Number of protein chains: 2
Amino acid sequence: MLTIGKLSDAAGVKVTTIRYYEQIGLLPGAERSAGNQRLYARTAQDRLAFIRHARELGFTLEAIRDLLGLTDRPDQSCAEVDAIARAQLHAVQGRIARLKALEAELERMVDHCAGGTVADCRVVQVLGNHKHCAADHGRDLHGVSE
Amino acid sequence: MLTIGKLSDAAGVKVTTIRYYEQIGLLPGAERSAGNQRLYARTAQDRLAFIRHARELGFTLEAIRDLLGLTDRPDQSCAEVDAIARAQLHAVQGRIARLKALEAELERMVDHCAGGTVADCRVVQVLGNHKHCAADHGRDLHGVSE
DNA sequence: CTAATGTCTCTAGCAACTAGAGGTTCAAGA
DNA sequence: TCTTGAACCTCTAGTTGCTAGAGACATTAG
């Protein structure tokens with residue numbers, strides 16, 4: 001049995017984050033010691049590592065919740081798991097594409113800055129006037145964490 | 001003079017967002033009509049377009065606040081403006097690099113999924129065991145909006 | 001004049017945590 | 001055994017950049 005601190009070290013997830021995951025139902029409530037402190041079995045470490053890794057790959061907690069639900073029924077077809085992963089891949093690819101457009105425009109802005117005064121600054125001009133702008137940005141909120 | 005709704009349409013920024021920008025001090029408080037409704041001059045439209053465009057390029061509101069402060073003093077050197085833009089460029093490039101690593105790993109996962117049961121699913125295996133994973137992900141929070 | 005639309009303020013909510021207050025429990029050393 | 005200090009507990013509030021809703025007032029078209 002691990003205390004929450006040990007589990008935190010073992011899985012590389014902060015103590016507060018573990019409690020948060022429990023609170024939102026991503027981790028089951030832990031056993032408690034006589035003094036009300038959480039005690040975890042090794043399986044908790046695996047589950048937490050799974051969550052952490054999926055977070056690193058940019059899956060939302062909602063997607064992870066679904067994935068965990070699916071891994072709890074290992075006999076099922078993995079089509080759904082696959083679909084979630086593919087959706088995530090597409091999202092990542094979309095974000096890359098948009099970020100590359102932004103990168104190109106930022107580079108253009110920065111490269112054309114002659115180093116004069118703010119009034120003549122290319123960066124300010126581009127930001128202030130959309131006509132100076134080449135890219136047409138799509139719409140998307142929030143990138144991938146960690 | 002524009003009402004907030006006209007300004008919203010003109011600048012492509014939602015009414016509630018305009019009020020939010022005023023609240024956090026990004027836009028100055030507007031004039032008011034006899035009935036207490038906000039009235040804006042054309043300059044507000046420019047400022048708002050500037051903010052919107054900078055947001056599209058991924059600048060944080062804090063960075064935009066700095067940029068706006070600098071554009072209010074147009075005689076100064078544009079070195080600071082340049083520095084902010086370059087920092088943003090670097091941030092975007094870093095995010096692209098990390099997303100590409102994620103993309104590669106997601107592709108590997110998805111490509112190796114044989115379509116069997118969840119128990120045998122490559123995706124689940126990779127997520128559950130960090131050793132099956134090639135990339136070493138850096139740490140970073142939050143991508144670029146819109 | 002009335003009805004519809006626009007606007008006002010204020011509060012609360014979203015993701016995915018993080019930080020802090022104020023108190024309890026545990027493990028180790030004297 | 002006592003004491004110190006670290007780790008733990010719960011609860012609340014803060015972060016970013018908005019969005020949504022309630023309930024009330026203003027404006028405008030017909």
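Here the structure is a predicted model, which is why all the values come from computation and not from measurement. We name chains A, B, ... by the order of the sequence lines, and we start the count at 1 in each one.
- The environment of Q76(B) atom CD is dense: over 12 non-hydrogen atoms of other residues, nucleotides or ligands sit within 6.0 angstrom.
- In this structure, the CD atom of E22(B) is 15 Å from the P atom of dC18(D), given to the nearest Å.
- Within the 4.0 Å cut-off from OP1 or OP2 of dT19(D), at least one side-chain nitrogen or oxygen of T17(B) is found.
- Between the C1' atom of dA16(C) and the CG atom of L27(A) lies a distance of 14 Å, rounded to the nearest Å.
- In the displayed structure, E80(A) atom CD is contacted under 6.0 Å by at most 12 heavy atoms of other residues, nucleotides or ligands.
- For the OP1/OP2 pair of dT10(D) and a distance below 4.0 Å, the side-chain nitrogens and oxygens of R19(A) include no atom meeting the criterion.
- The distance from atom OH of Y20(A) to atom P of dT12(D) is 17 Å, rounded to the nearest whole Å.
- The distance between atom CD1 of I51(B) and atom C1' of dG17(D), rounded to the nearest whole Å, is 13 Å.
- Computed from coordinates, the L2(B) CG to dT7(C) P distance equals 11 Å when rounded to whole Å.
- Among the heavy atoms of the strands lying under 4.0 Å from I4(A) are primed sugar atoms or P, OP1, OP2 only; no base atom is included.
- Nearest-nucleotide positions on DNA chain C place K14(A) closer to the 5' end than the other of Q37(A) and K14(A).
- Dashed line: the shortest gap from a side-chain N or O of T3(B) to OP1 or OP2 of dG6(C) is not under 4.0 Å.
- Between R38(B) and the phosphate of dT7(C), there is no side-chain N or O to OP1/OP2 separation shorter than 4.0 Å.
- Per the geometry, CG belonging to N36(A) stands 9 Å off P belonging to dC26(C), to the nearest Å.
- Of the N and O atoms on the side chains of D46(A) and T43(A), not one donor lies less than 3.5 Å from an acceptor on the other residue.
- The distance from atom CZ of F59(A) to atom P of dC17(C) is 15 Å, rounded to the nearest whole Å.
- With rounding to whole Å, L26(A) atom CG is found 9 Å from dC17(C) atom P.
- Using a 4.5 Å heavy-atom threshold, the side chains of V13(A) and Y20(A) count as separate.
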